[in-house]
Amino acid sequence: MTVRVRFAPSPTGYLHVGGGRTALYNRLFSQGRGAFILRSDDTDQARSTREFADDILESMRWLGLTWDEGIEVGGPHGSYRQSERIERYGEVADQLVAAGHAYHSFATAEQLDEFRKAAQAAGRSPAYDGRFRLDDDEIARRLAAGETAPIRFAVNRPGETSFDDIVRGEVSFDHAQVDDFVILRSDRSPTYHLASTVDDVDFGITHVIRGEDLLSSTPKHLLLTKAMGAEPAVYAHLPLLLGPDGTKLSKRHGHTAVNAYRSAGFLPEALLNYLAILSWSPGEDEELVSLSEMAERFRLEDVSRSPAVFDVTKLEWMNGVYIRELGAAEFVARSLEFVEDDLGRDLDEDEMKAFAGMAPLVQERAKTLAEVGPQLRFLFAASVSYDPTSWEKVMMQPEAMTAVSAACTRLAELPAWDAESIETTLRSMLDEHGMSARKGLQPIRVAVCGSAISPPLFESLELLGRERSLQRLADVAQQLG
RNA sequence: GACCCCGUCGUCCAGCGGUCCAGGACUCCGGCCUUUCAAGCCGGCAACGCGGGUUCGAAUCCCGUCGGGGUCACCA
């Protein structure tokens, strides 16, 4: 049996990491078993924007979550944008009315509001039970008179809808909890429930994998599907992503957009891996898995049922692991834009060489690509800017002056300028003055790199070049003297 | 408030009736390495929410309770 799943974001915001995980799980589930479809649930014209729509596609591609059918790649089911299928939803709504599954509702906002308040106060379900529904003749009369009204689905009560959710098991809802929900607004635009269900049916979706926030909407979708005379999909509701404080992940917890992680220097494979591991385990105490390994082992039945806290710290660790696994050239290629961003300009040819030489050294200590720029700033910036804390801590030491000026004179006499010779020279200088490497090298580091935290010193000196190195040492020696 | 879902270290995940005085990862704390910072390696702290059952035996099954989350729009 071939499977058909979809990811259907609304372009009313950037692709959220939670959405990214949902897309990933859909993709993993369908891998090798069927099709992964990307659809745009853009019925909310007021809140949808082109920018968000573009961001979703771009973020999906950046993550490497390719789709088999849908937006931009096309497919046999016509448009994959709901905004282009409006007539179809109206048509279905009319059919449902004709078949007695739905009706034009003339209940006023006030009536509904009052009903809900009263129900709530009495400790009953606030779901609208259709009590203000008019008889067919009256409805026809009002419609004929030119009045407009939304179409509501007529939920049968008493009744119950239950389904077997792949991750949650048997779930059931009493129809007293399901309201006569609007499927078509008075302006004949479809609501989410209608559009989404119609598309799932029309596109032959076999499995709906989505967030748990939609769990209580599922009976509506099932009722609609049945009323349309279609075979219902199998549902799987994923646990929600939470912020560190245990509430639904939102902007106030930090970054939620996939693109924010991209610009913060995260690797897509790391983010994907982390997202996968959040509510699922590849087993065998393993955590680092590639997309293809995930696809091989992924089973919806193994997805966790409890919500997961999104922990950036662990993501950072994982990103560091992925960065270190990159080939040297790959690392250079991927981090270049961050270096140039940090610098505010492009690197020239010589700088590219220095960058390539230094790259392996920063690669093993970076958790994000965004850290690469600041770590190499000393190498490319015209003048060093000294970190006050480092200066305070190191240059105020008694041996600072001696170390810097001795290094300056000894290095000036050095015939060759390579890390090895530099190291030999500086170590003999250290011996001469009876200084430990710890005490003696730090002032030199700060003088040259501007900070007590830097890539390895000797290589830094080599790549910075004789002239600039000596210049910086001399400048600092003068300041200290 | 009603309904639904969930409940193992601070966090994520493993465990699916005995092999668990509970395992892995991140964080944190030590140590080693070391020119700084990282990385790496070694070690440590740290959990089955609570109460009843069922059973020879429960983290694992049942009930209750408490706690957390979600949904209750002519938004998706």
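All of these numbers come straight from a predicted model, not from anything done at the bench. Here is the naming used below: chain letters follow the sequence lines, and residue numbers restart at 1 for every chain.
A:Gln363 places its CD atom 13 Å from the P atom of B:rG40, with the value rounded to the nearest Å. A:Leu361 has its CG atom 17 Å from the P atom of B:rU34, to the nearest Å. Between A:Tyr89 atom OH and B:rC74 atom C1' the separation is 17 Å, expressed in whole Å. With rounding to whole Å, A:Lys117 atom NZ is found 19 Å from B:rA2 atom P. Computed from coordinates, the A:Leu376 CG to B:rU36 P distance equals 19 Å when rounded to whole Å. As a whole-Å value, the separation of A:Leu184 CG from B:rA73 C1' is 16 Å. Counting to the nearest Å, the C1' atom of B:rU71 and the CG atom of A:Asp179 are 11 Å from each other.
The nucleotide B:rG7 finds its pairing partner in B:rC66, both defining distances of the Watson-Crick or G-U wobble pair being shorter than 3.5 Å. With both pairing distances under 3.5 Å, B:rG43 is matched to B:rC29 as a Watson-Crick or G-U wobble pair. B:rG1 is paired with B:rC72 under the criterion used here, namely a Watson-Crick or G-U wobble arrangement in which both key atom distances are under 3.5 Å. Judged by Watson-Crick or G-U wobble contacts below 3.5 Å, the nucleotide B:rU19 has no partner.
Annotation: B:rU60 and B:rC21 have their P atoms spaced 14 Å apart (nearest Å). Remark: the separation of the C1' atoms in B:rA22 and B:rG18 is 13 Å, to the nearest Å. Comparing the same atom, P, in B:rA58 and in B:rG51 gives a spacing of 14 Å after rounding to whole Å. Rounded to whole Å, the P atom of B:rC5 lies 12 Å from the corresponding atom of B:rC63. For the C1' atoms, the distance from B:rU8 to B:rA25 is 15 Å, rounded to whole Å. To the nearest whole angstrom, the two C1' atoms, one in B:rG49 and one in B:rC66, are 8 Å apart. A distance of about 15 Å separates the C1' atoms of B:rA39 and B:rU35, rounded to the whole Å. Taking atom P in both B:rU27 and B:rU11, one finds a spacing of 16 Å when rounded to whole Å.
At the phosphate of B:rG40, OP1 or OP2 sits under 4.0 Å from a side-chain N or O atom of A:Arg324.
The aromatic rings of A:Trp280 and A:Phe298 are tilted relative to each other, their planes meeting at an angle between 30° and 60°.
Salt bridge absent: A:Asp199 and A:Arg88 never bring a charged side-chain N and a carboxylate O closer than 4.0 Å.
With a 6.0 Å cutoff to the six-membered ring centre and a 45° limit on the axis angle, A:Arg21 counts as a cation-pi contact of A:Tyr25.
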